Asks: 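Take this structure, written in structure tokens, and hold onto it; I'll ask about it next.
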Number of protein chains: 2
Amino acid sequence: MNLHRNPSLTTLPVSPDLDTPAAVTVLDVARAAGVSPSTVSRILNGTARVAADKRAAVEAAIAKLNFRPNLFARSLKTGTTMTVGIVTQDVESPFYGRAMKGIEEGLSGSGYAPIIVSGHWNAKEEAERVELLMARRIDGLIILTGHLSDEQVRAFALHQPVVATGRQVDGPQLRSCQLDQEMGGYLATRHLINLGHRRIAHITGPQDHDDAQQRLAGYRRALQEAGLAADAALVVQGDFMESGGLMAMSRLIDSGESFTAVFAANDQSAYGARMALYRRGVRVPDDVSVVGFDDLPASAYLTPPLTTVRQPIYEVGLYAARTLLGLMGHPVEPITLPPMELVVRETTRRL
Amino acid sequence: MNLHRNPSLTTLPVSPDLDTPAAVTVLDVARAAGVSPSTVSRILNGTARVAADKRAAVEAAIAKLNFRPNLFARSLKTGTTMTVGIVTQDVESPFYGRAMKGIEEGLSGSGYAPIIVSGHWNAKEEAERVELLMARRIDGLIILTGHLSDEQVRAFALHQPVVATGRQVDGPQLRSCQLDQEMGGYLATRHLINLGHRRIAHITGPQDHDDAQQRLAGYRRALQEAGLAADAALVVQGDFMESGGLMAMSRLIDSGESFTAVFAANDQSAYGARMALYRRGVRVPDDVSVVGFDDLPASAYLTPPLTTVRQPIYEVGLYAARTLLGLMGHPVEPITLPPMELVVRETTRRL
DNA sequence: CTGTTAGCGCCTTCAT
DNA sequence: ATGAAGGCGCTAACAG
């Protein structure tokens with residue numbers, strides 16, 4: 001269904017005349033203040049010097065009439081919309097929620113309003129949403145990871161400034177940032193190895209998810225570096241969700257493989273894995289050590305609190321917002337992203 | 001800082017001419033198709049019948065030129081913006097995240113895009129954000145609970161249709177919905193009573209939060225109905241966050257009051273309380289039973305899984321979106337909200 | 001069925 | 001320092 005501008009769809013009993021009580025325009029203000037519209041505009045935008053008395057009159061009129069400039073008329077004229085598009089993957093994701101918060105903070109006070117769409121980890125849907133955003137003439141675009149190809153992202157950057165996270169693409173109007181996922185995976189696994197673990201399982205993320213592949217690579221590197229064999233039977237497929245982690249761990253236990261530790265590709269998987277362990281009466285960390293990835297707010301409140309790799313995702317959001325402001329022509333203090341960091345809590349123990 | 005339209009702030013090295021490659025307009029399309037702009041407009045909006053050959057020519061031209069109508073020009077003309085404002089309290093909240101998802105779903109395919117702002121549980125900030133939204137001439141507004149007074153909400157509804165959750169206000173352009181929080185609190189407490197508990201503590205939400213007060217009222221009603229004294233020493237102040245729950249439970253334990261169960265005003269508080277219990281070596285549910293409120297996605301993955309009251313918050317989002325579409329003149333199938341529901345998992349036991 | 005005309009509200013030369 | 005005039009891209013009468 002597309003309700004968009006279909007006049008036949010006007011039905012509900014809505015009092016017709018209550019909306020927008022005859023919007024007041026620059027012209028109204030000008031008349032009330034006894035000046036021309038141009039003068040009002042100049043005061044609004046600080047475009048030129050205006051005599052103090054007229055300025056006062058205009059400001060009084062603005063206040064009295066409660067005038068609000070129509071952003072759309074302005075946009076039409078200036079070509080700028082004061083709106084930035086944000087592509088997230090899932091409005092409900094606690095991880096991207098934190099990135100959103102960083103973006104919100106980074107944009108605050110800039111006059112730019114974010115409009116958010118979700119790609120749901122689907123390249124096609126994601127591209128459609130971006131088209132939708134672009135139809136609204138956004139001034140800038142932030143793409144939070146996702147499945148778009150670098151070429152697509154580059155193509156989008158032809159139309160407006162773009163900041164993309166979780167990838168390495170740059171161009172005239174294109175900036176990106178990427179956290180070292182491989183290092184994160186390495187850190188997590190290395191921690192387990194240092195604790196004396198030798199049989200370390202891994203619950204992966206989705207196969208088509210680049211970050212997940214990187215974490216897996218880090219896991220393998222740590223293993224190899226320690227001279228440990230990479231046992232394929234110890235790597236089980238998850239999906240970044242609690243249910244996937246639960247099933248992965250259940251399968252692993254059922255397989256009969258022995259292991260003393262597991263590194264889950266994200267915290268949500270770790271929650272699921274921990275539940276599977278709990279269901280089987282396997283104690284954490286006494287029998288099995290668990291390491292997650294992301295450091296979600298809830299992870300510190302698991303019992304026992306989850307050892308995990310902290311991604312500075314809030315800062316990524318901040319960085320994306322600030323960088324975009326820069327691309328849009330506003331000077332900003334640069335942000336440097338803190339590195340991945342191992343947060344040792346209580347789900348791991350020395351063997 | 002307000003970067004908005006301050007020409008002095010143009011600095012960063014951005015290639016100047018890459019943006020919006022000379023936007024194509026209806027006029028271009030009309031010329032390419034050998035018709036008038038009005039005909040193009042009519043085809044775009046289905047406003048009138050157009051001869052098949054011209055339609056084909058226009059559609060071909062649109063495709064060839066990759067034409068996208070400028071929504072702002074359209075808005076200027078029609079007074080409609082095809083965007084709705086959403087006031088949430090915290091983009092990072094897992095609870096409101098789920099509501100957002102419902103709204104997203106409810107709006108999908110309608111042509112309306114949501115633009116989201118956060119009030120951060122602060123009436124003043126909330127009002128400011130709404131003003132900001134209104135400056136953008138949104139076609140409709142959804143207010144997710146928050147601290148605005150009913151009068152303020154009513155005032156906003158003078159300018160455009162409004163749907164507000166967590167309160168009971170209605171008017172010509174105003175709809176609201178309210179879940180029975182008191183009943184939820186009653187259900188949670190009643191469950192504990194039925195299990196044989198007599199000394200039941202409560203961790204409250206913020207004092208200025210209406211929902212929290214309602215849940216407390218439900219707690220008291222269940223107690224009273226069962227002939228149990230409401231011991232003020234058993235009611236401790238939380239703040240709907242994990243840390244608040246943790247501190248509240250710590251204080252309770254330190255107070256030396258005896259209790260066998262606790263009802264936390266939301267799941268996040270329950271997580272914190274559970275952690276405090278864990279720190280003191282108090283077993284759940286063996287020594288103390290715990291009930292939460294909300295049923296966050298993570299709650300099923302606590303160890304043990306959390307017994308809680310499920311709020312149909314996703315459906316609330318859906319309801320808000322659909323109702324708003326209705327107010328904006330689009331017929332929608334009405335949604336009925338499911339009731340609050342006790343979800344018994346494993347943090348409560350019979351005494 | 002289709003083209004012509006006239007703005008929507010604002011900003012920006014261009015004069016003064 | 002200020003006003004008049006034109007136009008951003010689109011749609012909605014009004015003619016034909």
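Numbered from 1 within each chain, the chains take letters A, B, ... in sequence-line order. Since we're looking at a predicted model, the values are computed, not measured.
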Asks: Go through the steps for A/Gln89 and A/His120 under the test side chain to side chain contact (heavy atoms under 4.5 Å, CB included), then give the verdict.
Replies: CA-CA 5 Å; A/Gln89 295 307 318; A/His120 298 123; 5.7 Å; no

Asks: For A/Phe72 and C/dC11, what is the distance between atoms CZ and C1' respectively, to the nearest whole Å?
Replies: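 Atom-to-atom, A/Phe72 to C/dC11, this comes out as 17 Å.
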
Asks: At what angle, to 10 degrees, do the two end axes of the helix from C/dC1-D/dG16 to C/dT16-D/dA1 meet, given five pairs define each axis?
Replies: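 Its terminal axes enclose an angle near 40°.
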
Asks: Return the value, rounded to whole Å, for the distance between atom CZ of B/Arg31 and atom C1' of D/dC10.
Replies: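 Taking atom C1' of D/dC10 as the reference, CZ of B/Arg31 is at 15 Å.
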
Asks: Is the closest side-chain heavy-atom distance between A/Ile86 and A/Val117 below 4.5 Å?
Replies: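 Not touching, per the 4.5 Å side-chain cut-off.
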
Asks: Roughly, in whole Å, what's the span from CD1 in A/Ile43 to P in C/dC11?
Replies: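 Those two atoms, CD1 and P, are 12 Å apart.
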
Asks: I need the CG-C1' distance between B/Asn45 and D/dG9, as an integer number of Å.
Replies: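 The answer, rounded to whole Å, is 13 Å.
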
Asks: Output the rounded distance in Å from CG (B/Leu27) to P (C/dG3).
Replies: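 For the pair B/Leu27 CG and C/dG3 P, the rounded distance is 13 Å.
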
Asks: Using the salt bridge (charged side-chain N to carboxylate O under 4.0 Å, His left out) rule, take B/Lys101 and B/Glu105 through it: C-alpha gap first, then chi angles, then the decisive distance, then the call.
Replies: CA-CA 6 Å; B/Lys101 187 139 180 167; B/Glu105 169 67 24; over 6 Å; no

Asks: Output one letter per nucleotide in nucleotides 1-8 of chain D: B when a protein non-hydrogen atom lies under 4.0 Å from the base, S when only the sugar-phosphate is that close, - when neither is.
Replies: SBBBBBBB

Asks: Can A/Asp90 and A/Ser118 be counted as having a side-chain donor-acceptor contact under 3.5 angstrom?
Replies: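 Not at all, the side chains of A/Asp90 and A/Ser118 share no donor-acceptor pair under 3.5 Å.
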
Asks: In whole angstrom, what separates B/Asp28's CG from D/dC10's C1'?
Replies: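 Atom CG in B/Asp28 sits about 13 Å away from atom C1' in D/dC10.
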
Asks: Taking atom types as modelled, is there a side-chain donor on A/Ser75 or A/Thr81 under 3.5 Å from an acceptor on the other?
Replies: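 Absent: no donor and acceptor within the cut-off.
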
Asks: Does the side chain of B/Gln152 come under 3.5 Å of the side chain of B/Asp150 through a donor N or O and an acceptor N or O?
Replies: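 Their side chains do not contain a donor-acceptor pair, so the 3.5 Å distance test is not met.
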
Asks: Are B/Glu128 and B/Lys124 ion-paired here, with the side-chain N under 4.0 Å from a carboxylate O?
Replies: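 Result for this pair is yes, salt bridge flagged.
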
Asks: If I take atom CZ in residue A/Arg68 and atom C1' in nucleotide C/dC8, what distance separates them, rounded to the nearest angstrom?
Replies: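 Atom CZ in A/Arg68 sits about 20 Å away from atom C1' in C/dC8.
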
Asks: Are B/Glu151 and B/Arg154 close enough, and set up right, to give a salt bridge (charged side-chain N to carboxylate O under 4.0 Å, His left out), and what steps lead you there?
Replies: CA-CA 5 Å; B/Glu151 284 63 41; B/Arg154 229 180 247 112; 3.8 Å; yes

Asks: In whole Å, I'd like the distance from the CE atom of B/Met82 to the P atom of D/dT11.
Replies: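 After rounding, the reported distance stands at 12 Å.
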
Asks: So, OP1 or OP2 of C/dC8: does either fall under 4.0 Å of a side-chain N or O from A/Asn70?
Replies: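 For A/Asn70, the contact criterion (side-chain N or O under 4.0 Å from OP1 or OP2 of C/dC8) is not met.
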
Asks: Which residues satisfy the side chain to side chain contact (heavy atoms under 4.5 Å, CB included) test with A/Ile335, sequence neighbours excluded?
Replies: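 With neighbours one apart ignored, the set is A/Leu318, A/Tyr319, A/Arg322.
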
